[in-house]
Amino acid sequence: MRTGRIVEVEAYGGADDRASHARSGRTRRNGAMFGPPGHAYVYRVYGMHHCLNVVTGPEGSASAVLVRAVEPLEGVERMRRARLERSVATSRRDQADEGAAARRLAAVPADRLAAGPALVCAAFSIDLADDGLDLLRDRAPLRIAGAAPGRNRPGARTRGPDGTIIATTRIGVEPAGEPWASLPWRFVLAGSPSLSRPAPAGR
DNA sequence: AGTTGGATGGTCT
DNA sequence: GACCATCCAACTG
């Protein structure tokens with residue numbers, strides 16, 4: 001079994017959030033966002049990667065949380081193997097030279113195996129088949145458990161059960177413009193070695 | 001250490 | 001036909 005601690009997330013609103021996939025209403029791709037909370041919304045980006053969201057709002061509101069990074073706890077070698085499998089499946093380059101890909105993955109520190117939204121999906125073998133899955137069911141193949149409720153005021157550092165949680169701006173949403181680009185809706189566990197990028201120094 | 005460009009294909013205008 | 005909620009290799013300095 002592969003398990004890990006979620007250390008980085010981003011919140012996305014529904015129609016009101018111009019950075020959200022739900023900004024233009026329901027489409028073929030984002031249907032799961034409009035479904036019940038606690039279910040997965042998985043989509044494909046850049047033709048080869050996948051990203052995992054957890055639907056958070058009531059049905060129809062289309063709000064969700066993107067899982068951007070996970071700190072591996074159990075099944076590290078299985079994750080490494082899954083990363084290799086995904087690389088070979090999606091990259092012609094890695095397909096042509098699988099040995100090079102294997103050596104590359106072997107050199108990745110355990111902490112960094114799921115240090116990015118697409119890496120999370122690769123390490124946990126998540127793809128479109130998981131879209132819409134109920135993540136809160138006991139015994140679900142893909143599952144989120146032990147979630148601790150918390151509060152985060154914009155721009156604040158908040159004490160969570162696993163340490164300090166820092167709110168920052170979301171990544172890759174510049175094109176959405178203001179005020180959406182500046183909303184502090186990315187939340188990271190301070191000091192985690194598994195963040196997709198280090199938390200900002202100041203504030 | 002930081003920046004840039006290529007990979008890669010479904011979805012939406 | 002353009003756009004991506006990305007990652008990695010190959011540069012620069």
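Letters go in sequence order (proteins before strands), and every chain restarts at 1. The shown structure was predicted, so the numbers you read here are calculated from the model rather than taken from an experiment.
With DNA chain C read from its 5' end, the first of the two nearest nucleotides for A/P175 and A/A115 is the one closest to A/P175. Along DNA chain B, the nucleotide nearest to A/S91 and the one nearest to A/R26 differ in position, and the one closer to the 5' end is contacted by A/S91. Summary of the strand contacts: A/G47 and A/L119 both lie near DNA chain C, and taking for each the nucleotide with the nearest heavy atom, the more 5' one is attributed to A/G47.
In this pair, A/Y43 does not lay its aromatic ring on the base of C/dA5; centres under 5.5 Å and planes under 30 degrees do not both hold.
At least one side-chain heavy atom of A/R83 sits less than 4.5 Å from a side-chain heavy atom of A/L119. By the 4.5 Å heavy-atom criterion applied to side chains, A/D131 and A/Y41 are counted as neighbours. Contact check for A/R104 versus A/L84: no side-chain heavy atoms found under the 4.5 Å cut-off.
Picking from B/dT11, C/dT6, C/dA9 the nucleotide with the shortest atom distance to the side chain of A/R104 gives C/dA9. Closest to the side chain of A/T27, from the set C/dA5, B/dT8, B/dC12, is B/dC12. Between B/dT11, C/dA5, B/dT8, one nucleotide has an atom nearer to the side chain of A/R28 than all others, and that is B/dT11. Distances from the side chain of A/R93 to the nucleotides B/dT8, C/dA10, B/dT13 place C/dA10 closest. Listed nucleotides: C/dC4, B/dT13, C/dC7. Nearest to the side chain of A/R23: C/dC4. Closest to the side chain of A/R68, out of C/dC8, B/dC12, C/dT6, is C/dT6.
If you take CG of A/L66 and C1' of C/dT6, they are 11 Å apart, rounded to a whole angstrom. Straight-line distance from the CZ atom of A/R29 to the P atom of C/dC3: 15 Å, rounded to whole Å. Distance A/H21 NE2 to B/dG10 P: 16 Å, rounded to the nearest Å. Remark: P of C/dC8 and OH of A/Y46 are 14 Å apart, rounded to the nearest angstrom. Distance, A/M48 CE to B/dA7 C1': 4 Å, rounded to whole Å. Here B/dG9 presents its P atom at 12 Å from NE2 of A/H50, a figure rounded to the nearest Å. Summarising the geometry, the separation between CZ on A/R197 and C1' on B/dA1 is reported as 15 Å, rounded to the nearest angstrom. The distance between atom CD of A/E10 and atom P of C/dT6, rounded to the nearest whole Å, is 8 Å.
Ionic pairing of A/R5 and A/D162 is present here: one or more N-O contacts between side-chain nitrogen and carboxylate oxygen are shorter than 4.0 angstrom.
Side chain of A/N30 to backbone of A/G25: a donor-acceptor contact under 3.5 angstrom is found. With A/R186 contributing its side chain and A/A167 its backbone, the two residues share no donor-acceptor pair below 3.5 Å.
The nearest pair of heavy atoms linking A/G4 to A/F124 is N-CZ, 4.2 Å.
For A/D16, the CG atom counts as loosely surrounded, since its 6.0 Å shell holds 12 or fewer non-hydrogen atoms of other residues, nucleotides or ligands.
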**OP:** Would you sketch DNA chain C in dot-bracket for me? Only Watson-Crick or G-U wobble pairs with both distances under 3.5 Å count, crossing pairs as [ ], other-strand pairs as |, the rest as dots.
**Re:** ||||.|||||||.
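With A/E8 as the fixed residue, the side-chain hydrogen bond (donor to acceptor under 3.5 Å, both in side chains) test singles out one of A/S196, A/S194, A/S192: A/S196.
Nucleic acid contact class of A/R83 (heavy atoms, under 4.0 Å, all strands): sugar-phosphate only. At a threshold of 4.0 angstrom between heavy atoms, the contacts of A/S196 with the nucleic acid are absent.
A/H21 has its ring centre no less than 6.0 Å from the ring centre of A/Y12.
Using a 4.0 Å cut-off on heavy atoms, none of the residues of residues 122-134 of chain A approach DNA chain B.
Atoms CG and CG, on A/L52 and A/L135 in that order, are 6.5 Å from each other to the nearest 0.5 Å.
Here A/R44 does not reach the OP1 or OP2 of C/dC3: none of its side-chain N or O atoms lies under 4.0 Å away. Between A/R86 and the phosphate of C/dC7, there is no side-chain N or O to OP1/OP2 separation shorter than 4.0 Å.
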